[in-house]
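Predicted, not measured: the structure shown is a model, and the values here were computed from it. Values reported hereafter were calculated over all heavy atoms of this structure, with side chains retained and with hydrogens, waters and symmetry mates removed.
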Amino acid sequence: MGKRFYITTAIDYTNGAPHLGHAYEKVVTDVIARAHRAMGEEVFFVTGLDEHGQKVQQAAAAEGKDPMTYCDELALQWLALAKDLGLSNDDFIRTTEARHKAVVHAILSKLHASGDLYSQPYQGWYSVKEETFLTEKDRNPNGSWDPKWGQVIPLTEENWYFRMARHQDWLVAHIEANPSFIAPACRRNEVLGFLRSEKLADLCISRPASRLSWGIPLPFAPDWVTYVWFDALTNYVTVAADHGDPAVLHPLGLPAPASPMAQPPLALWPADIHVIGKDIIKFHAVYWPIMLHAAGLPLPLQILTHGWWQKDGQKLSKSTGNVVDPIAVIRDWGLDAFRYYVLRELAIGPDGNWTDEGFQSRYNAELANGLGNLLNRAVNMLNKYRDGIVPAPSDELAPDASRAVENTSQLLRQNDLQGALVAIWDLVSRANLYVEQTQPFKLAKDSAQAPRLDQVLYNLVESCRILAILLAPFLPDTSRRILGQLGIPAPAHPHVWPLTAWGGLQRGHKVAAPQPLFPRKDLKPMA
RNA sequence: GCCAGGGUAGCUCAGCGGUAGAGCAGGGGACUCAUAAGCCCUUGGUCGGGAGUUCGAUUCUCCCCCCUGGCACCA
């Protein structure tokens, strides 16, 4: 039972419909998962939903539904998104599942027993209308409360807290000793910056059940439910526990689960990468490591933080209609066009800007004119001049192909998906240039040049075959379609990287008919 | 306010001591296998402002201006 490469997305909070940001994070994670599979690793990729909490409770009530029904209905929408995005996830976690409650209870019980949790009254100003405590920051400069809060009353409430401050020095040391723990580096610096300058406050981990019923009760104090942290973050170990991972079961004192999911048991924990958005970095780079440390569990190896998307230089906003609907883009342009644009346009880290013009420009220039046209002209010429029969191998472009494979592999290992696509397109450009330099359409007119034409055609279709393999993690469907046109069946297993070796196409092999991969589209405003 | 990172061709960015580069966009050309795609050539910048160090600064130092991100419950 070898340790699998375990990668997660953040779980999404189900108080609305999915948008570009959600879709982006999932695509990034999917590509990394597929890349590791391609390069020979056993991978476990999980995404899911965070379904508890006040907003869900309120949204359900507003629709006259009980929360579980509300969550079940929304979950269908999110499962559909995962399918539409072509995700290769191995599990899908929902925090309302029984398997999750068991693990949350186990962690909380362990921390309670070890004295890491304590209860304490909190007194503050409470908005009855909004059902939330207010702070001095919510107060108007003149000391009054904004009318939007309605009636504001002083309220005392007992809650449970998690001792964090005593782990602060340990965490700083851990981050310093593990430079790749928080990526990219600018995020690491930010986390170190505030960890060094501010003393961590203990974390309030509960809400009275009387005020928030939609949650997991504290195992040692059922009049409270656990509040977000131990509920949402714990999902990552829930999945491992549910698949029978002893690295989680033993420290938490959990029995091996009876579920079929745990047969055979998998070794998942610790996670290799948590992919998250920059907005939740403190939870993943500060709270989560401390929670795990206190519970005696190993830490994830990397918190990989991506940026946010804007549209036309403006913040995405439902109220102003400045949104990108990933489902609509996929419907109109195809899944791989969507995946390509978000991966190629934005490196993992900085914020990005979606423009319809940019999308169409990359679609036409890079997918249609670059990759698609290369395949089309290569397959077309082989059909036209050699009845689709592959000639004897020739290795004129082998060094270029192997450079592309080498660069792509290296960049993928660094999670530089954007850089890897650039490296792959270097080969696309090289092969297109090769056509101009060798002019096979002229060679075809002179029977004395037949041997030379054979060489050129082989180099072209073989380059296309290697491109299909390199693209498999990024554009799985396109990869299959290229192989299809080359008359090659889809690989039987995901560990395809050995197929990047030059010379895979055999003499005498018959390719299929050419068909445009990405039909060119006229530039016009997107629907 | 504090911390960090930036301000270089129309756009996105690389360069970081020896008087500027790429991709895209714009302009021109030869070709024709191809999704009128691809290929070749090309216009275009007092490198945010000022001072200093230096034989010499886009590159180093200082000051100023502007932008972005972070500063503890938004992917």
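When each of B/C33, B/C73, B/C31 is scored by its nearest atom to the side-chain atoms of A/Gln439, the top-ranked nucleotide is B/C31. Listed nucleotides B/G69, B/A34, B/C71 differ in distance to A/Arg377; the shortest reach to its side chain belongs to B/A34. Closest contact between the side chain of A/Lys384 and the listed nucleotides B/C33, B/C40, B/C71 involves B/C33. The side chain of A/Tyr287 lies closest to B/A72 when the candidates are B/U35, B/C33, B/A72. When each of B/C73, B/C33, B/G70 is scored by its nearest atom to the side-chain atoms of A/Arg187, the top-ranked nucleotide is B/G70. Residue A/Glu436 has its side chain nearest to B/G38 when only B/G70, B/G38, B/C31 are considered. Closest approach to the A/Tyr227 side chain among B/C73, B/A72, B/U35 is made by B/C73 (side chain taken as heavy atoms from C-beta onward). Residue A/Leu433 has its side chain nearest to B/C40 when only B/C73, B/C40, B/A34 are considered. Looking at the side chain of A/Phe283, the nearest of the listed nucleotides B/A72, B/C74, B/U35 is B/C74. Between B/A34, B/G70, B/C73, one nucleotide has an atom nearer to the side chain of A/Val228 than all others, and that is B/C73.
Here the closest non-hydrogen pair linking A/Ser213 and A/Gln57 is N-OE1, 3.1 Å.
When each of A/Trp354, A/Tyr363, A/Phe518 is paired with A/Tyr341, the ring-ring contact (aromatic ring centres under 6.0 Å, His included) condition holds for A/Trp354 and for no other. A/Tyr287 pairs in a ring-ring contact (aromatic ring centres under 6.0 Å, His included) with only one of the listed residues (A/Tyr227, A/Trp229, A/Phe230), which is A/Trp229.
Along RNA chain B, the nucleotide nearest to A/Leu200 and the one nearest to A/Cys186 differ in position, and the one closer to the 5' end is contacted by A/Cys186. Both A/Met381 and A/Glu366 lie close to RNA chain B; mapped to their nearest nucleotides by heavy-atom distance, the more 5′-ward contact belongs to A/Glu366.
Using modelled atom types, one finds no donor on one side chain facing an acceptor on the other under 3.5 Å when comparing A/Glu158 with A/Tyr122. Donor-acceptor pairing under 3.5 Å is recorded for the side chains of A/Tyr236 and A/His284. With hydrogens and angles left out, the side-chain atoms of A/His19 and A/Trp309 include no donor and acceptor closer than 3.5 Å.
Across all strands shown, B/C3 is found opposite B/G69 as a Watson-Crick or G-U wobble partner, with both distances under 3.5 Å. B/U32 is unpaired under the Watson-Crick or G-U wobble criterion, no partner having all donor-acceptor distances under 3.5 Å. Remark: B/U53 base-pairs with no nucleotide; criterion is Watson-Crick or G-U wobble with both hydrogen-bond distances under 3.5 Å. Across the strands present, B/G21 finds its partner in B/C13; the criterion is a Watson-Crick or G-U wobble pair with both atom distances under 3.5 angstrom.
Within 4.0 Å (heavy atoms only), A/Leu374 reaches no atom of the nucleic acid at all. Nucleic acid contact for A/Tyr24: none, since no nucleic acid atom lies under 4.0 Å from a heavy atom of the residue. A/Glu198 comes within contact range of at least one nucleobase, with a heavy-atom separation under 4.0 Å. Within 4.0 Å of A/Gly193, counting heavy atoms only, lies no atom of the nucleic acid at all.
To the nearest whole angstrom, the two P atoms, one in B/G6 and one in B/C62, are 15 Å apart. Comparing the C1' positions of B/A30 and B/C41 gives an interatomic distance of 10 Å, to the nearest angstrom. For the C1' atoms, the distance from B/C47 to B/U59 is 10 Å, rounded to whole Å. Comparing B/G10 with B/A57, their P atoms sit 25 Å apart, to the nearest whole Å. B/G56 and B/A4 have their C1' atoms separated by 32 Å, with the value rounded to a whole Å. Here, B/G18 and B/C24 have their C1' atoms 31 Å apart, quoted to the whole Å. Rounded to a whole angstrom, the distance from the P atom of B/A37 to that of B/A25 is 11 Å. Using P as the reference atom, B/G50 and B/U8 are 16 Å apart when rounded to the nearest Å.
A salt bridge links A/Lys26 and A/Asp12; the closest N-O separation between the charged side-chain nitrogens and carboxylate oxygens is under 4.0 Å.
Scanning atom types as modelled, no donor and acceptor separated by under 3.5 angstrom connect the side chain of A/Asn376 and the base of B/A34.
Separating the CD1 atom of A/Ile281 from the C1' atom of B/C73 is a distance of 15 Å, rounded to the nearest angstrom. A/Lys442 places its NZ atom 15 Å from the P atom of B/A34, with the value rounded to the nearest Å. Note: CG (A/Asn373) to C1' (B/C33) measures 9 Å, nearest angstrom. Distance, A/Trp425 CH2 to B/G23 C1': 15 Å, rounded to whole Å. Per the geometry, CZ belonging to A/Phe359 stands 17 Å off C1' belonging to B/C24, to the nearest Å. The CZ atom of A/Arg362 sits 13 Å away from the C1' atom of B/A25 (whole-angstrom rounding). Rounded to whole Å, atom P of B/C74 lies 12 Å from atom CD1 of A/Ile276. In this structure, the CG atom of A/Asp312 is 13 Å from the P atom of B/U12, given to the nearest Å.
The CG atom of A/Leu85 sits 11.5 Å away from the CD atom of A/Glu25 when rounded to the nearest 0.5 Å.
Here A/Asn380 does not reach the OP1 or OP2 of B/C33: none of its side-chain N or O atoms lies under 4.0 Å away. A close approach under 4.0 Å does occur between a side-chain nitrogen or oxygen of A/Lys282 and OP1 or OP2 of B/C71.
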